[in-house]
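To start, the structure under review is shown below, and the notes come after it.
Within every chain, numbering begins at 1; the chains are lettered A, B, ... in the order of the sequence lines, protein sequences first and strands thereafter. On a predicted model such as this, the values are computed, not experimentally measured, just so you know.
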2 protein chains.
Amino acid sequence: MAGRRTTTRERLVRTAAELFWRQGYAATGVNAIMQQAGATSGSFYHFFPTKEDLLLAVLDHVGEVVEDEVFGAAEVVTDDPIERIFAVVGFYRRHLEDNEFVLGSPLGTLAAELGEDHSQVRLKLEQLFASWAQRMEGLLDGVGKRLPASTDRTALARLVLSAVEGALIQSRVARSVAPFDAVTSQLQTYLGLLTSHDPTAAPAAMRVTSPPRQRSRELDWRAW
Amino acid sequence: MAGRRTTTRERLVRTAAELFWRQGYAATGVNAIMQQAGATSGSFYHFFPTKEDLLLAVLDHVGEVVEDEVFGAAEVVTDDPIERIFAVVGFYRRHLEDNEFVLGSPLGTLAAELGEDHSQVRLKLEQLFASWAQRMEGLLDGVGKRLPASTDRTALARLVLSAVEGALIQSRVARSVAPFDAVTSQLQTYLGLLTSHDPTAAPAAMRVTSPPRQRSRELDWRAW
DNA sequence: GTCTATACCCTGATAGAC
DNA sequence: GTCTATCAGGGTATAGAC
């Protein structure tokens with residue numbers, strides 16, 4: 001288990017990210033992390049004084065991945081801002097399916113679990129959600145005049161984020177994409193209404209294709 | 001701590017519901033539950049063979065409370081179906097504020113945390129989410145022809161549920177109602193567009209008042 | 001149905017050699 | 001920076017008297 005091409009610290013963070021994601025923070029013991037990462041207790045506590053310090057590192061890592069592999073990749077896929085929005089949504093959907101519904105949202109899972117303690121963690125989660133929403137708001141800004149001037153893009157971005165987070169929770173417990181797809185279709189309808197300025201029209205301006213599979217393993221969430 | 005007017009079983013369930021809600025399932029020890037409920041180990045394991053059995057009882061309890069104290073109460077508040085919808089949303093908002101943002105969604109918190117194991121729990125959560133969505137769909141059906149015939153009410157109900165769940169997570173970590181309010185306003189705009197059949201009109205048909213405070217302690221979530 | 005006492009394990013974390 | 005060995009404490013759960 002020892003001679004990998006990654007550093008021990010990196011393996012610990014990635015392994016912890018996945019285990020926290022699958023099982024939650026409290027349910028994941030440091031022993032399991034160490035074992036799966038091929039590290040020993042001495043290494044672990046050399047890098048991370050406490051389990052919570054590891055969690056903070058995991059959150060930083062998740063933030064980078066979301067930034068690069070979700071939003072970054074969505075911008076590569078298409079130039080159309082609305083398609084980019086649903087490319088982001090599509091990444092979550094595909095990840096859900098690819099992992100047989102055992103993984104929900106990396107941020108949402110932890111944010112839902114962590115309580116009143118963990119104030120540093122809470123702050124970081126808040127910032128990560130805010131970054132996500134800002135990125136989404138940027139995509140909405142790109143839609144330009146197709147959105148009514150009265151539209152609160154900040155709030156709309158939060159709606160998209162919230163809907164995705166809530167849908168992931170439900171699709172995970174249902175082990176089905178149905179809730180997620182229902183929510184996605186409603187977001188499409190809503191954005192269709194906003195951009196078409198005609199509530200009875202079908203949301204024709206939107207292609208609802210999922211984003212294509214990534215070519216590189218590094219662009220795949222499974223590489224987390 | 002002994003002589004309450006409730007049964008021991010009941011106190012255990014209610015106490016566990018609150019602690020699971022605040023801290024999560026894994027982070028809440030049975031000792032803490034016993035202590036706060038004023039019960040001893042003998043009593044606890046007399047009623048619940050394992051901690052997971054208690055969790056199942058907690059979920060049943062939460063389901064009843066949501067049914068009665070959220071949807072039931074919302075129907076008492078007003079006759080207008082759209083106002084009822086936002087009365088339901090308003091209950092979550094008020095609860096968030098009343099508890100200083102330490103409590104999110106009783107279902108969402110547990111659903112996000114519980115992983116691949118806990119198959120009974122997963123099934124029950126799935127059913128509870130489905131019940132919630134069906135109740136919401138019933139309210140949407142009540143809106144009648146103000147909603148376009150083409151509207152998928154099942155999907156729309158899921159969107160409302162997802163948006164609320166996601167917004168609660170974000171408001172909890174941000175310790176602010178801002179994300180929740182942003183999401184609520186977007187839901188109002190969307191429903192306004194759907195019911196007005198005119199995307200440029202303000203959603204005038206909707207009064208956005210929060211539901212009034214409940215008179216009886218038993219109608220208050222804090223009595224959970 | 002409730003009490004006290006306790007078994008037994010796994011947890012996060014530490015010590016000190018290498 | 002990594003190893004082995006180990007600690008103290010809390011975790012769930014049990015036993016058996018009352």
Side-chain angles (χ1 to χ4, degrees), chain A residues 1-59 61 110 113-121, chain B residues 1-59 61 110 113-121:
Chain A
M1 271 293 178
R4 305 271 185 84
R5 56 188 169 139
T6 54
T7 70
T8 299
R9 198 197 125 96
E10 206 174 342
R11 269 179 289 129
L12 284 169
V13 170
R14 285 174 193 266
T15 304
E18 187 185 329
L19 289 178
F20 290 166
W21 200 0
R22 293 177 95 92
Q23 314 173 343
Y25 174 74
T28 302
V30 290
N31 290 317
I33 298 168
M34 281 159 30
Q35 192 177 341
Q36 188 161 325
T40 57
S41 174
S43 295
F44 184 101
Y45 287 100
H46 170 69
F47 292 110
F48 306 106
T50 72
K51 185 185 176 186
E52 188 163 334
D53 289 304
L54 172 61
L55 173 58
L56 291 170
V58 164
L59 289 176
H61 173 65
L110 290 169
E113 176 181 357
L114 271 17
E116 20 205 339
D117 327 315
H118 309 279
S119 70
Q120 274 195 94
V121 175
Chain B
M1 272 291 182
R4 305 271 184 84
R5 57 188 170 143
T6 54
T7 69
T8 299
R9 199 196 125 96
E10 206 173 342
R11 269 180 288 127
L12 284 169
V13 170
R14 285 173 193 268
T15 305
E18 187 185 330
L19 289 178
F20 289 166
W21 199 1
R22 294 178 95 92
Q23 314 173 340
Y25 175 74
T28 303
V30 291
N31 289 319
I33 298 168
M34 283 159 28
Q35 192 178 341
Q36 189 161 324
T40 56
S41 173
S43 296
F44 184 101
Y45 286 100
H46 170 70
F47 293 109
F48 307 105
T50 72
K51 185 186 175 185
E52 187 163 335
D53 289 304
L54 171 62
L55 173 58
L56 290 170
V58 164
L59 289 176
H61 173 66
L110 290 169
E113 175 181 359
L114 271 18
E116 20 205 341
D117 326 316
H118 308 281
S119 70
Q120 276 194 93
V121 174

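Residue B:Gly42 is classed as a base contact, given a heavy-atom separation below 4.0 Å to a base.
Proximity note for A:Ser43 (side chain, C-beta onward) versus D:dT2, C:dT2, C:dT14: the nearest is D:dT2. Of the listed nucleotides (D:dT14, D:dC3, C:dT11), D:dT14 has the atom at the smallest distance from the side chain of B:Tyr45.
The nearest whole Å value for the distance from the CD atom in B:Gln35 to the C1' atom in D:dT12 is 16 Å. Nucleotide D:dG1 holds its C1' atom 15 Å from the CZ atom of A:Phe44, rounded to whole Å. Atom-to-atom, CE of B:Met34 to P of D:dG10 comes out at 14 Å; the value is rounded to the nearest Å. For B:Glu10 and C:dG1, the CD to P distance is 14 Å, given to the nearest whole Å. The nearest whole Å value for the distance from the CG atom in A:Asp117 to the P atom in C:dG12 is 16 Å. One interatomic measurement links the two molecules: CD1 of A:Ile33 to P of C:dA13, which rounds to 11 Å at whole-angstrom precision. Nucleotide C:dA5 holds its P atom 15 Å from the CG atom of B:Asn31, rounded to whole Å. Rounded to an integer number of Å, the gap from A:Arg11 CZ to D:dG1 C1' is 12 Å.
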Would you tabulate the nitrogen or oxygen pairs shorter than 3.5 Å linking the protein to nucleotides 6-8 of chain D?
none

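Residues A:Phe20 and A:Ile33 have side chains in contact (heavy-atom distance under 4.5 Å, counting atoms from C-beta outward). Contact check for B:Val30 versus B:Leu54: no side-chain heavy atoms found under the 4.5 Å cut-off. Between B:Trp21 and B:Val58, every side-chain heavy-atom pair lies at or beyond the 4.5 Å cut-off. Between A:Leu110 and A:Val121, the closest side-chain pair of non-hydrogen atoms is not below 4.5 Å.
B:Glu113 contributes atom CD, which lies 10.5 Å from atom CD of B:Gln23 (distance to the nearest 0.5 angstrom). Here the OH atom belonging to A:Tyr45 is positioned 7.5 Å from the CE atom belonging to A:Met34, to the nearest 0.5 angstrom. Taking OG1 of A:Thr6 as the start and CZ of A:Arg14 as the end, the distance is 7.5 Å to the nearest 0.5 Å. Atom CD in B:Gln120 sits 5.0 Å away from atom CG in B:Leu56 (nearest 0.5 Å).
A sub-4.0 Å separation between OP1 or OP2 of D:dT2 and a side-chain N or O of A:Thr40 is absent.
Interface residues of residues 46-55 of chain A facing DNA chain C, ordered by number: A:Thr50, A:Lys51; criterion, heavy-atom separation under 4.0 Å.
When all heavy atoms of A:Thr15 and A:Ala37 are compared, the pair lying nearest together is OG1-CB, 3.5 Å.
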